[in-house]
Amino acid sequence: MRLSRYFLPIIKETPSEAAIASHRLMLRAGMIRQAQAGIYSWLPMGFKVLRRLENIVHEEQIRAGHHPMLMPTLQSADLWRESGRYEAYGEEMLRITDRHGRDMLYGPTNEELITDIFKNAVGSYKDLPMTLYHIQWKFRDEVRPRFGVMRGREFFMKDGYNFDIDEDAARHAYNRHMVSYIRTYERMGLKAIPMRADSGPIGGDNTHEFLVLADTGESEVFYDSNILDLHLGDREVDYDNWDGVKAICDEWTTPYARTDETHDAAIWADVPADRQQVSRAIEVGQIFYFGTKYSDALGALVDDGKGARKAVHMGSHGIGVSRLIGAIIEAFHDDKGIIWPEAVTPFHAGIVNLKQGDTDTDATCDQLYQGLIKAGLDPLYDDRDERAGGKFATMDLIGLPWRITVGPRGLKNGVVELTSRKTGESEEMSPQAAIARITEIYAQV
RNA sequence: CGGGGCGUAGCGCAGCCUGGUAGCGCAUCUGUUUUGGGAACAGAGGGUCGUAGGUUCGAAUCCUAUCGCCCCGACCA
């Protein structure tokens, strides 16, 4: 993309309403604009990042054998009356009445709807196990939205639901989700720690939250520093292997890691003092096993093959996709701007032309731009007629991991400059070498 | 939902107390000179002063109502 033709409304000054780094930077970098309290428009670059995260989530869910689908944002109140949650959910649920006076609601989650779909189509144990998910906008009418997309009222979330014949199978589904989530966050460059959590209003007795360490996090967490050393990497995972999946979960759940809600001082005391870490963290996902709560209420029964009809065992599993962008920025930024991990960056590299209109720099930038595109990458070429300082400041702010600087000084020797946003280190090389290097870097992401 | 604050140009703000031509900085546009870390000069455009009603010869300013937004707290993916 040529910056001169893009829509990237950058703000030089700090917007007064933004209290934390991610909110401030998303506004300044032209990623979002607020529409109402807790409701945002996603401008082209923010939308790009959102799509990238969404794609990673899809890939990992599909890899785990889960089926993508899409349910509507608006749901019927009647279904929620059946489960008893229409009254129980309270003020956070946005209730709407249509022209015929029918009660509807903007879905805060989808247990009722998915269970209804499931029970009308599935009647036998032979169809199990099954896990369905979608990534859709949700609405929860928070009393006090804040922190930009971290605590919006409207938010983009992956929510998945497993249907299994009994508790053992459902526990495997739970474990499978834990592993797929670990992998998902790791791919995004994040260290998200699964922690024992409270079950909250959704119900159930087995749940973990995934938390990303960040000073601005809303939760206080206690963990054994050993857990930071765990990596899934490119380990082969057979998601149908119950024991193998459970072994990975055991690995991640053995070191102590809890939120303040479930913190247990007695167990904590057994963690060696030099490994005891207390920190703030942002919740970016949660998995639940809740048994037959909804299948009982909504009559989701299957034939068990022995002549009986049994309520299916279920769980629900969520990833806050829009919130993740905030969490990633909280984890990766400095005083100049965002520092995107390669896996989620909106553009793979930025090209800075220091002397727009100069025959040589223009030609070299075009060569780099075309070369990167041919290599299957997505560069952002700052071809505006701006001074060097402004272009550098823009690149630093929007935080692309790699910057190629093209100026007359270097071109005299046939070189351009490749700079890492993370380390700030630069290296001179030929344009061809720069393309090759960046291609190689992204081949490993 | 309790407490506090704010709505004036795209952004940040002054003006309001004490009613009388709507301002400043940044941004935008034009021109000239500049050009390796947010340039200088000259000029230009841009406003239902959140909305509605009231008081007044006259309202951004005073009064009433209303809507919106932010911050702290309690609550939440």
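Below, chains carry the letters A, B, ... as their sequence lines are ordered, and counting in each starts from 1.
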Suppose we define a pair by two distances each less than 3.5 Å, Watson-Crick or G-U wobble; what does B:C1 pair with here?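 B:G73 is the nucleotide pairing with B:C1.
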
Which of the following nucleotides, [options], is nearest to the side chain of [X]?
X	options	result
A:Arg151	B:C75, B:G36, B:A27	B:C75
A:Ala388	B:G38, B:C11, B:G37	B:G37
A:Arg146	B:G73, B:A77, B:G37	B:G73
A:Arg140	B:C71, B:A77, B:G37	B:A77
A:Lys12	B:G38, B:C76, B:A74	B:G38
A:Arg387	B:U34, B:G37, B:C71	B:U34

Need one value for A:Asp159: base, sugar-phosphate or nothing, where a base atom within 4.0 Å counts as base even if backbone is also close, heavy atoms only.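 The residue A:Asp159 makes no contact with any strand.
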
A:Arg176 to A:Tyr239, cation-pi by 6.0 Å centre distance and 45° axis angle: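 Verdict for A:Tyr239: no cation-pi partner in A:Arg176.
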
Quiz item: cation-pi between A:Arg95 and A:Tyr106, 6.0 Å / 45°: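 No, A:Arg95 does not sit over the ring of A:Tyr106.
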
Hey, which of A:His66, A:His172, A:His317 is the one that makes side-chain hydrogen bond (donor to acceptor under 3.5 Å, both in side chains) with A:Asn162?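 Result for side-chain hydrogen bond (donor to acceptor under 3.5 Å, both in side chains) with A:Asn162: A:His317.
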
Checking side-chain polar atoms at under 3.5 Å, does [X] have a donor or acceptor matched by the opposite partner on [Y]?
X	Y	answer
A:Asn353	A:Asp362	yes
A:Trp402	A:Glu342	yes
A:Arg403	A:Thr405	yes

If only side-chain N and O atoms of A:Arg144 are considered, is one of them under 4.0 Å from the OP1 or OP2 phosphate oxygen of B:C70?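 So the side chain of A:Arg144 is outside the cut-off, no N or O lying under 4.0 Å from OP1 or OP2 of B:C70.
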
Using a cut-off of strictly less than 4.0 Å between a heavy atom of the residue and any atom of RNA chain B, enumerate the qualifying residues of residues 20-39 of chain A by number.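 Result for residues 20-39 of chain A: A:Arg28, A:Gln34, A:Gln36, A:Ala37, sorted by number.
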
Residues touching RNA chain B, which here means a heavy atom under 4.0 Å, drawn from residues 346-369 of chain A: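 By residue number: A:Leu354.
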
Would you mind telling me which of A:Arg144, A:Arg280, A:Arg151 makes a salt bridge (charged side-chain N to carboxylate O under 4.0 Å, His left out) with A:Glu218?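 Considering A:Arg144, A:Arg280, A:Arg151, a salt bridge (charged side-chain N to carboxylate O under 4.0 Å, His left out) with A:Glu218 is found only for A:Arg151.
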
Not counting sequence neighbours, list each pair that qualifies as a salt bridge (Lys or Arg N to Asp or Glu O under 4.0 Å) and has a residue in residues 37-61 of chain A.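 Every pair satisfying salt bridge (Lys or Arg N to Asp or Glu O under 4.0 Å) with a residue in residues 37-61 of chain A: A:Lys48-A:Asp378, A:Arg51-A:Glu54, A:Glu59-A:Arg187, A:Glu60-A:Arg63, A:Glu60-A:Arg183, A:Glu60-A:Arg187.
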
Using the six-membered ring for Trp and the full ring for Phe, Tyr or His, decide whether A:Phe155 stacks on the six-membered base ring of B:A77 (centres under 5.5 Å, planes under 30°).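 Stack criterion met.
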
